[in-house]
*Asks:* 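My questions all concern the structure below.
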Amino acid sequence: LKTGESETLQSIGNDLGITRERVRQIIEATLNQIKEKNERILEKPLKIIEEYFQQNGGLKKEEKIFQEIVRDERLRGPVFFFLTIGDRFNRFKETEEHYSFWTIEKKAVLKAQRTITITIEKLEEIKEPLPLEELRRKVRQKIEEQIFLSYIEISKYIAQSPEGLFGLISWPEVNPRGLRDKIYLVLKKEGKPLHFYEIAKRINNLPFQNREVLPESVHNELIRSDLF
């Protein structure tokens, strides 16, 4: 609540000179006391957050919750507090496969996992990024677009490209990292060969490009890479 950032039990214990387990006990006792004494006050904000989850299929990526419920960075702490104190809200920690997310029902997690698996398989099959609604139709999931997005955005294997299309994070047109990926992105979009001066110009016009790319650099990459 004070800083807007979460801390581990160990770091809190180190600051206060007590053990990690003692911190956990104090937090649990404090939260129970707050809930008992402020049930009516907490009812409205908890209901608003619960309705938000219901609109998103019972599950939402943690970072998206903060972005969509509150835009002020200073209010992240209070939102996290309400999520922590609400009996229906359960947090899943970040893993190699998914980002941190919250849910109000376990079956939503199973639905999300199944949707993600099917989506990844379909993307591997079609081999190109698609608009969200078209991707939803391709995977034949009978869920609303908003819920479909909530499910796939927790996956670390699926991402949105700079152009707003959805594909696998490993694809250069979805997650362009170096100059080679950006050249590939430009050439794939154009669908025809381009002079390296034109490629450099188009790269510099990309919305995510912060540093100027020189034509000479593009020329050298085209010669060096077997991809072209």
Side-chain angles (χ1 to χ4, degrees), residues 56-57 59-68 71 73 76 92-101 112-141 143 145-228:
N56 288 279
L59 175 151
K60 198 67 180 177
K61 182 180 177 182
E62 184 172 87
E63 189 61 29
K64 289 291 184 179
I65 296 173
F66 297 135
Q67 292 174 0
E68 295 178 3
R71 297 182 179 180
E73 286 288 323
R76 291 172 65 99
F92 283 72
K93 294 181 179 180
E94 183 175 355
T95 68
E96 292 183 357
E97 297 183 345
H98 64 73
Y99 299 101
S100 300
F101 66 91
Q113 290 173 338
R114 184 167 61 252
T115 299
I116 290 169
T117 299
I118 295 172
T119 303
I120 291 174
E121 291 174 351
K122 179 57 66 174
L123 286 169
E124 289 174 340
E125 176 187 327
I126 59 180
K127 294 181 172 57
E128 65 175 346
L130 297 173
L132 181 63
E133 178 55 25
E134 185 177 347
L135 179 59
R136 185 182 69 87
R137 291 198 303 268
K138 290 281 187 181
V139 300
R140 297 180 180 178
Q141 291 296 287
I143 53 178
E145 182 177 323
Q146 182 176 345
I147 296 175
F148 178 65
L149 176 60
S150 292
Y151 288 172
I152 66 172
E153 69 186 359
I154 69 170
S155 172
K156 288 188 174 181
Y157 298 116
I158 303 171
Q160 188 173 15
S161 76
E163 296 181 323
L165 305 178
F166 288 82
L168 298 180
I169 190 71
S170 58
W171 292 350
E173 62 265 51
V174 172
N175 183 33
R177 297 179 180 179
L179 180 56
R180 184 179 64 172
D181 288 349
K182 293 170 184 177
I183 293 173
Y184 176 80
L185 175 63
V186 167
L187 290 175
K188 184 171 183 179
K189 182 179 179 181
E190 291 297 323
K192 61 180 180 180
L194 292 173
H195 192 276
F196 61 86
Y197 272 94
E198 285 299 319
I199 296 175
K201 181 179 179 181
R202 283 166 170 74
I203 290 175
N204 289 324
N205 288 333
L206 292 172
F208 55 85
Q209 185 64 26
N210 297 320
R211 295 171 55 187
E212 183 181 3
V213 171
L214 299 176
E216 292 80 6
S217 300
V218 174
H219 179 262
N220 293 336
E221 186 64 37
L222 289 170
I223 295 174
R224 181 168 50 245
S225 177
D226 295 334
L227 182 64
F228 310 110

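The structure displayed is predicted, hence computed values, not measured ones. One is the number of the first residue; the rest follow in order along the sequence.
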*Asks:* More than 12 heavy atoms of other residues, nucleotides or ligands under 6.0 Å from CD of Glu97: is that the case?
*Replies:* no

*Asks:* Distance check, rounded to the nearest 0.5 Å: Ser225 atom OG versus Ile183 atom CD1?
*Replies:* 7.5 Å

*Asks:* Check whether any side-chain heavy atom of Arg136 sits under 4.5 Å from a side-chain heavy atom of Leu132, and report yes or no.
*Replies:* no

*Asks:* Please report the closest heavy-atom contact between Glu173 and Ser161, naming both atoms and the distance.
*Replies:* O-CB, 3.4 Å

*Asks:* Taking all non-hydrogen atoms of both residues, which atom of Val218 and which atom of Ile203 are closest, and how far apart?
*Replies:* CG2-CD1, 4.3 Å

*Asks:* Using modelled atom types and a 3.5 Å cut-off, is there a donor and acceptor pairing between side-chain atoms of Tyr151 and backbone atoms of Gly57?
*Replies:* yes

*Asks:* Mind checking ring-ring contact (aromatic ring centres under 6.0 Å, His included) for Phe196 and listing every partner two or more places apart, or none if nothing turns up?
*Replies:* His219

*Asks:* Between Phe101 and Leu59, is the side-chain contact (heavy atoms from CB on, under 4.5 Å) condition met? List the steps.
*Replies:* CA-CA 7 Å; Phe101 66 91; Leu59 175 151; 3.6 Å; yes

*Asks:* Donor-acceptor check, side chain of Ser150 to backbone of Gln146, threshold 3.5 angstrom: yes or no?
*Replies:* yes

*Asks:* Can you measure from CD1 (Ile116) to CZ (Phe148) and round to the nearest 0.5 angstrom?
*Replies:* 9.5 Å

*Asks:* How long is the straight-line distance from CD1 of Ile158 back to CG of Leu149, given to the nearest 0.5 Å?
*Replies:* 10.5 Å

*Asks:* Quick one: do Glu68 and Lys60 satisfy side-chain contact (heavy atoms from CB on, under 4.5 Å)? Show the steps, please.
*Replies:* CA-CA 10 Å; Glu68 295 178 3; Lys60 198 67 180 177; 3.5 Å; yes

*Asks:* Looking only at non-hydrogen atoms, find the nearest pair between Lys93 and Ser100 and report the distance.
*Replies:* C-OG, 4.0 Å

*Asks:* Can you tell me how far the CD1 atom of Ile152 sits from the OH atom of Tyr157, to the nearest 0.5 Å?
*Replies:* 15.5 Å

*Asks:* Which residues pass the salt bridge (Lys or Arg N to Asp or Glu O under 4.0 Å) test with Glu134, not counting sequence neighbours?
*Replies:* none

*Asks:* For Leu165 and Pro129, which heavy atoms make the closest approach, and how far apart are they?
*Replies:* CB-CB, 3.7 Å

*Asks:* What pairs with Ser170 under side-chain contact (heavy atoms from CB on, under 4.5 Å), at least two apart in sequence or on another chain?
*Replies:* Leu168

*Asks:* From Leu185 CG over to Glu190 CD, what is the distance, rounded to the nearest 0.5 angstrom?
*Replies:* 10.0 Å

*Asks:* Check this for me: does any side-chain nitrogen of one of Lys156 and Glu94 sit under 4.0 Å from a carboxylate oxygen of the other?
*Replies:* yes

*Asks:* Hey, are the side chains of Arg114 and Ile118 touching, using non-hydrogen atoms and a 4.5 Å cut-off?
*Replies:* yes

*Asks:* Are Lys61 and Glu153 ion-paired here, with the side-chain N under 4.0 Å from a carboxylate O?
*Replies:* no

*Asks:* Between Glu163 and Lys189, is the closest basic N to carboxylate O distance under 4.0 Å?
*Replies:* yes

*Asks:* Closest heavy-atom contact between Arg211 and Asn204?
*Replies:* O-OD1, 3.9 Å

*Asks:* Under 30°, 30 to 60°, or over 60°: which ring-plane class applies to His195 and Tyr197, parallel, tilted or perpendicular?
*Replies:* parallel

*Asks:* What is the minimum heavy-atom distance between Glu124 and Lys127, and which atoms define it?
*Replies:* O-NZ, 3.1 Å

*Asks:* Can you tell me how far apart CG (Leu222) and CD1 (Ile199) are? Round to the nearest 0.5 Å.
*Replies:* 5.0 Å

